[in-house]
Amino acid sequence: MRLIITEKNDAAKKIAGILSGNGVRSDSYLKVPYYMFDDVEGTPSVAVGLKGHVVQVDFPPEFSEWRKVEPRELIDAPLVKTETAKSVVRTVKKLAADADSLIIATDFDREGELIGLEALNLAVEENGRLVRFVRRARYSALTPGEIKRAFSNLDHLSEPLALAGEARQDIDLIWGATLTRFVSLATGRLGSQFLSVGRVQTPTLVLIAEREKERRAFVSEPFWVVKVDLEAGGQRFSALHKEERFSDEARATAVFEKLASPGKVTAVKQTSRKVQKPAPFNTTSFTSAATSLGYSAAAAMRIAEDLYMSGHISYPRTDNTVYPQSLDLREALEVLANGEFAREVAQLLSRDSLHASRGDKRTTDHPPIYPTGSPRRGELGDREWRLYELVVRRFMATLSDDAVMESNRVDVNITGEPFVARGNRVLSAGWLEHYPYSRQKDLELPLLNEGDLVDVVDKQIDARETQPPARYGQGTLIELMEKHNLGTKATRHAIIQNLYDRGYVHGNPVEPTEMGMKMAEALQEYAPRIASPEMTAELEKDMDLISERDLTKEQVVRISRDLLRQAYGMLETNRQAVASKIYEGITDDRILGDCPKCGTHRIRIIRSKATKKRFVGCEGYPDCDQTYPLPQRGDVIGTGEICPQCGSPKVKILGGRRPWILCLDPHCPTKAEYAAKRAARASKAAAAGEGDGEAATTAKKTGTKAAGTKAATTKTAATKTAAKKPAAAKKTTAKKPAAAKTTTARKTGTATRATRSKATEPAPSGDGGEA
DNA sequence: GCAAGGTC
């Protein structure tokens with residue numbers, strides 16, 4: 001019998017179906033399914049799927065007690081492999097016992113080669129004769145053509161490639177465990193509170209921390225924008241002063257004040273441009289698009305996994321952005337022909353030929369993500385449906401046409417000042433028809449000719465200030481990680497989640513805690529190698545050398561151990577400095593804001609020595625005795641906000657299904673509302689049978705169109721007025737004598753803007769990653 | 001109880 005081992009059950013099942021001449025009998029052992037069949041030549045075969053890695057590298061048990069082992073000892077400690085999926089291992093061994101040949105059919109990438117070697121070792125342990133009859137099937141899609149091709153062109157397992165993967169495993173564990181224990185022991189953060197360090201997570205944290213530093217160093221500068229509302233032929237449109245940003249208020253005001261009807265058109269320009277259809281989805285672009293729809297990266301991947309397991313979409317963990325030859329695109333469309341997208345699909349199917357877009361990344365692992373099933377809307381939950389629809393729409397978009405956009409520009413001279421009105425509209429929607437997510441509304445300008453006169457019906461002057469670079473959203477962060485080669489398609493979302501779980505970051509967009517900032521800083525200073533993407537870059541090079549047999553795994557790991565020994569020496573010498581730096585961050589994280597009672601001191605989280613319970617108290621004690629109770633579970637994060645009702649600082653409690661924002665004053669009237677809301681949510685979740693805490697993730701991708709600027713958010717009395725009656729307070733009309741109104745015009749203009757921009761910002765409580 | 005990498 002021929003034994004075929006794949007990386008996952010789904011692949012074993014599909015391969016059996018494709019290769020069988022006369023049907024497949026499925027059976028299982030210890031709940032692990034396997035598939036028996038005779039191929040077209042009559043060879044009896046059995047296919048079984050692993051669950052990814054089924055063994056794990058680890059230290060022997062005598063190194064497991066953190067307090068009893070110097071972290072330094074881990075550097076040269078022996079490594080052992082332990083079985084992590086015992087039932088799978090036993091099933092593989094049971095099937096290997098009866099096999100006379102073995103085909104490794106794990107994924108076509110480096111990690112697949114390593115998983116294949118692990119499976120081979122297990123099989124040979126059980127049945128030594130197999131070692132002479134091992135072949136490797138390499139396929140990049142689970143399609144009949146591709147599988148048949150791979151199985152009629154069997155290859156050999158590349159041991160050097162698998163060993164390159166092992167080198168990575170060993171180095172990650174040795175560095176990660178040694179440094180994780182070092183920082184945890186140095187700061188006394190043991191048990192569930194431990195602080196972690198790793199080749200991927202630490203440089204990722206550094207990226208986040210560096211952006212935060214830029215934000216803190218940013219000095220915002222005021223500027224003024226002068227805008228007019230114009231009218232021609234009954235159609236209203238707006239124009240901006242050509243200068244766009246005035247750095248001089250007096251000059252802006254002077255320009256504003258002299259503006260009067262009419263304006264004269266000095267130039268009209270029209271251009272059209274092609275907007276290319278998007279590339280097929282790989283994991284990175286899919287998660288990025290999903291985070292724009294309000295999903296956390298981890299939630300998007302979990303739902304994608306569900307959709308894949310239900311047969312609705314193809315394998316969701318892929319780097320590939322080019323549909324392989326073996327994928328029949330027309331057939332894939334036909335799957336959708338009778339479903340919810342029938343009309344749009346029919347339109348594409350009516351074409352003589354289909355031309356798909358191609359992305360930059362072409363890999364051998366899997367096809368890009370595309371729909372493979374056609375569930376009805378009601379079959380899926382709303383959150384599942386919206387991601388399925390995203391995949392379908394992207395797929396259709398990649399088979400559609402480029403869009404054509406028209407841009408219009410009208411230059412207008414108003415009392416000697418140059419103004420510019422810009423418009424745009426879609427001439428030919430093409431792919432935008434199928435994929436409306438990023439589509440902007442048309443902004444039409446009236447038909448004008450040079451020399452035409454236009455009415456100035458309104459004018460505004462807005463005071464704004466330049467804004468620091470935005471924090472990263474999870475989608476942007478994943479793209480950034482990919483750019484730096486940090487993590488893989490299958491792990492990036494989990495790495496980010498890990499930073500949340502460790503308390504290094506919180507919020508959405510991703511904001512570092514003070515502890516996270518200091519951890520990044522300490523490691524950058526005392527162990528720079530682990531804090532930079534360079535370590536990964538060099539490891540990648542070494543892995544290539546191993547797979548080409550220019551270096552051995554042992555050589556690479558030995559050099560890495562030497563480097564770690566040096567890094568460790570530096571950390572040990574500066575143990576105190578490292579610990580106190582991280583403590584500084586931890587201490588800063590406890591400060592929740594100014595004390596509402598004394599106003600001179602700050603309030604912070606304290607743990608009572610007597611009762612071991614935590615509470616909030618004023619730093620001015622005993623002069624000020626202000627205290628607040630705190631929930632005893634979950635991490636407490638200061639929000640920097642004050643409750644408008646009770647005047648006490650608001651805090652965020654993490655650790656439940658979703659972050660919980662509350663004001664410290666237990667008698668605040670908002671408490672009743674919270675209680676009611678929580679109760680309503682709880683009963684809703686109970687009714688749905690699942691509350692995954694992701695519903696709060698309503699954040700949108702931060703818009704970058706404003707090129708780093710948005711309205712100043714100074715809160716003045718005018719803000720409230722404007723927010724309540726925008727129509728009245730919004731603008732100063734050009735007809736009124738402007739002189740006395742200048743200040744008002746500026747303030748209210750700002751306030752209106754502030755209100756508006758606020759509405760498009762991410763929901764402050766949308767902590768997708770923390771749920 | 002450590003990492004990062006698979007997959008459920």
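It should be emphasised that the depicted structure is a prediction, and the values quoted were computed from it without experimental measurement. Labels below follow one simple rule: chain letters A, B, ... track the order of the sequence lines, proteins then strands, and each chain is numbered from 1.
- At least one side-chain nitrogen or oxygen of S196(A) sits closer than 4.0 Å to the OP1 or OP2 atom of dA3(B).
- Checking dG6(B), dA3(B), dT7(B) against the side-chain heavy atoms of R502(A) singles out dA3(B) as nearest.
- Side-chain atoms of E305(A) lie closest to dC8(B) of the nucleotides dC8(B), dG6(B), dA4(B).
- Residue Q201(A) has a polar side-chain atom (N or O) positioned under 4.0 Å from OP1 or OP2 of dA4(B).
- For W66(A), taking side-chain heavy atoms from C-beta onward, the closest of the listed nucleotides dC2(B), dC8(B), dA3(B) is dC2(B).
- With respect to the salt-bridge test (charged N to carboxylate O, under 4.0 angstrom), the residues R317(A) and D107(A) do not qualify.
- Residue contacts for T488(A): at a heavy-atom cut-off of 4.0 Å it reaches the sugar-phosphate backbone alone, with no base atom in range.
- Looking at heavy-atom distances under 4.0 Å, G49(A) makes no contact with the nucleic acid at all.
- Under a 4.0 Å N-O distance rule, the pair K81(A)/E166(A) qualifies as a salt bridge.
- Rounded to an integer number of Å, the gap from OH of Y315(A) to C1' of dT7(B) is 7 Å.
- The residue R492(A) sits apart from the nucleic acid: no heavy atom pair falls under 4.0 Å.
- Of the candidate nucleotides dT7(B), dG5(B), dA3(B), dA3(B) has the atom lying nearest to any side-chain atom of T180(A).
- Using a 4.0 Å heavy-atom criterion, one finds that K51(A) contacts the bases of the nucleic acid, with or without backbone contacts as well.
- Using a 4.0 Å heavy-atom cutoff across all strands shown, R199(A) reaches sugar-phosphate atoms only and no base atom.
- Applying the 4.0 Å criterion to OP1 and OP2 of dG6(B), one finds that R110(A) has every side-chain N and O outside that range.
- If you find the closest nucleotide of DNA chain B to F59(A) and to Y308(A), the one lying nearer the 5' end belongs to F59(A).
- For Q56(A), the listed nucleotide lying nearest its side chain is dA4(B); candidates were dA4(B), dC2(B), dC8(B).
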